Amino acid sequence: MSAHSQSGITYPRHRTSHNPKVRSGMDVGFIGLGGMGRPMAANLIKAGHAVRVWNRSPEPVAAAVEDGAVAAASVAEVWQADVVVSMLADDASVRAVLLDEALLSRAAATVHVNMATVSVGLATAAAALHAAHGIGYVSAPVLGRTEVAAAGNLNILASGPAELLDRVSPLLAAMGRRTWPLGDGPEQAVVAKISANFMIASAIEALGEASALAEAHGVDPGALVDVLTNSIFPGPVYSAYGTMIRNDRYAPAGFRLPLGLKDVTLGLTAGFDARVPMPFAGILRDHFLDAIAHGDADLDWGAVAKVSRRRAALPRD
């Protein structure tokens, strides 16, 4: 079995068994089979882990069963696994589905890996509630869109007690190409993820404004994007969102606008609580609200770039 080094920590790479009948891994419960959750669960199955799944809507569960998962009849049944991994949309979903005293009191699981992007307050409250019931808690939000999740190439930001991070490292290795340990506190990985998404949103906004400025002066915005992404701003963020802006194509959505608004708002809240001014985050929040108010809620969050074009009164195609 090969190994790879992640920030000085060596993790085993469990990608040896692709037969769902062959189980050499861990007993895992997986909650939340959305655009990110389903491929993540599939990669756990490919790595040889036994995975039981639950989702509020049944269609993704059926698809996961085809991948080799076992359908759980209830959330409580998922918590009978050794480790629970969850990938839900927001604080409200996590509170509604997972932070239940009765549920946790009956759980057999010894650790919960929460891979959602949630607020700092929820992360700390969840860790305390889990500890009260003898369950370890790890924050492990991810960097990467659905296609990255499917390829098992996520960057995973992880924080929690070192012993727990070590215990769940085979699961993180199956879902991502690198795990970044960021501290013992449950809020540390969450803050890092909120910060990263703030920077991505800022890059999209900058691209949108620059493209609108170029177009208003007769420069092909697509040509500008090509110049920028092939010279001073290479990399996946500018390239992917620059392509969306160049093509004016924001569907299908890999990450919807309301989720972007949620993450920018999480950044503002975290900044307020720590007395860290984030003036540009306020602008981003208002632009996301503007985009959603103009009917773009179902588009990818890259569509926030449309706000600059609309405010500049540039002609529509």
Side-chain angles (χ1 to χ4, degrees), residues 35-36 89-90 117 141-149 153 155 191-272 276-317:
M36 295 291 289
D90 51 28
T117 303
V142 304
L143 298 177
R145 292 163 66 91
T146 53
E147 65 274 13
V148 180
N153 284 331
N155 278 281
V191 170
K193 174 58 189 297
I194 291 170
S195 299
N197 276 12
F198 163 69
M199 292 187 70
I200 295 171
S202 299
I204 298 169
E205 176 66 21
L207 278 167
E209 291 185 25
S211 297
L213 177 63
E215 185 176 350
H217 285 274
V219 177
D220 178 2
L224 174 67
V225 167
D226 284 340
V227 169
L228 296 176
T229 58
N230 288 286
S231 59
I232 58 175
F233 291 116
V237 172
Y238 285 103
S239 177
Y241 293 104
T243 298
M244 286 187 190
I245 293 168
R246 182 183 61 211
N247 297 332
D248 192 28
R249 186 174 302 136
Y250 304 100
F255 190 73
R256 294 171 58 249
L257 269 163
L259 293 175
L261 173 61
K262 181 260 297 185
D263 286 355
V264 169
T265 304
L266 290 179
L268 282 165
T269 301
F272 179 85
V276 177
M278 298 187 69
F280 196 58
I283 294 171
L284 288 170
R285 175 199 57 204
D286 290 349
H287 281 202
F288 276 97
L289 286 170
D290 188 325
I292 292 169
H294 280 83
D296 291 338
D298 290 330
L299 298 182
D300 193 275
W301 71 328
V304 74
K306 295 173 63 179
V307 174
S308 295
R309 289 193 82 255
R310 184 168 57 249
R311 290 186 169 184
L314 293 169
R316 296 182 180 180
D317 293 336

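These numbers come from a predicted model, not from an experiment. Residue indices begin at 1 and follow the sequence shown.
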Correct closest heavy-atom pair for I232 and P234 would be C-CD, 3.3 Å
Intermediate values then yes/no, side-chain contact (heavy atoms from CB on, under 4.5 Å), F255 and I200
CA-CA 12 Å; F255 190 73; I200 295 171; over 6 Å; no
Value rounded to 0.5 Å, distance of OG1 in T117 from CG in L266:
8.0 Å
Looking at side-chain heavy atoms only, is the closest gap between Y238 and T243 below 4.5 Å?
no
Looking at D300 and G254, would you say the former's side chain and the latter's main chain have a donor-acceptor pair under 3.5 Å?
yes
Between S202 and L284, is any pair of side-chain heavy atoms under 4.5 Å apart?
yes
Looking only at atom types and distance, does a side-chain atom of D290 sit under 3.5 Å from a main-chain N or O of D286, one as donor and one as acceptor?
no
Residue pair L257 / A291: nearest heavy atoms and the distance that separates them
CD1-CB, 3.9 Å
Residue pair V264 / F288, side-chain heavy-atom distance below 4.5 Å:
yes
Name all pairs fulfilling the salt bridge (charged side-chain N to carboxylate O under 4.0 Å, His left out) condition that reach into residues 259-270, sequence neighbours left out, sorted by first residue then second.
none
Is there side-chain contact between K306 and L299, with at least one heavy-atom pair below 4.5 Å?
yes
Pairwise distance CD1(I292) to NE2(H294) - rounded to 0.5 angstrom:
12.5 Å
Tell me, yes or no, whether the heavy-atom count around R310 atom CZ, taken from other residues, nucleotides or ligands under 6.0 Å, exceeds 12.
yes
State, with a plain yes or no, whether a side-chain heavy atom of H287 is found less than 4.5 Å away from one of E205.
yes
Where is the tightest heavy-atom contact between P315 and R309, given as atom of each residue plus distance?
O-NH2, 2.9 Å
Return the CZ to CE distance between R285 and M278, rounded to the nearest 0.5 Å.
11.5 Å
Measuring from L228:CG to L207:CG, what's the distance to the nearest 0.5 Å?
7.0 Å
Which residues pass the side chain to side chain contact (heavy atoms under 4.5 Å, CB included) test with A210, not counting sequence neighbours?
L224
How about Y241 and W301: does a side-chain donor come under 3.5 Å of a side-chain acceptor?
yes
Of all heavy-atom pairs between M36 and V142, which one has the smallest distance, and what is that distance?
CE-CG2, 3.7 Å
What is the minimum heavy-atom distance between G302 and Y250, and which atoms define it?
O-CE2, 3.3 Å
Measure across S308 and G208 and return the closest heavy-atom pair with its distance rounded to 0.1 Å.
CB-O, 3.7 Å
Is the shortest distance from a Lys or Arg side-chain nitrogen in D226 or R246 to a carboxylate oxygen in the other one below 4.0 Å?
yes
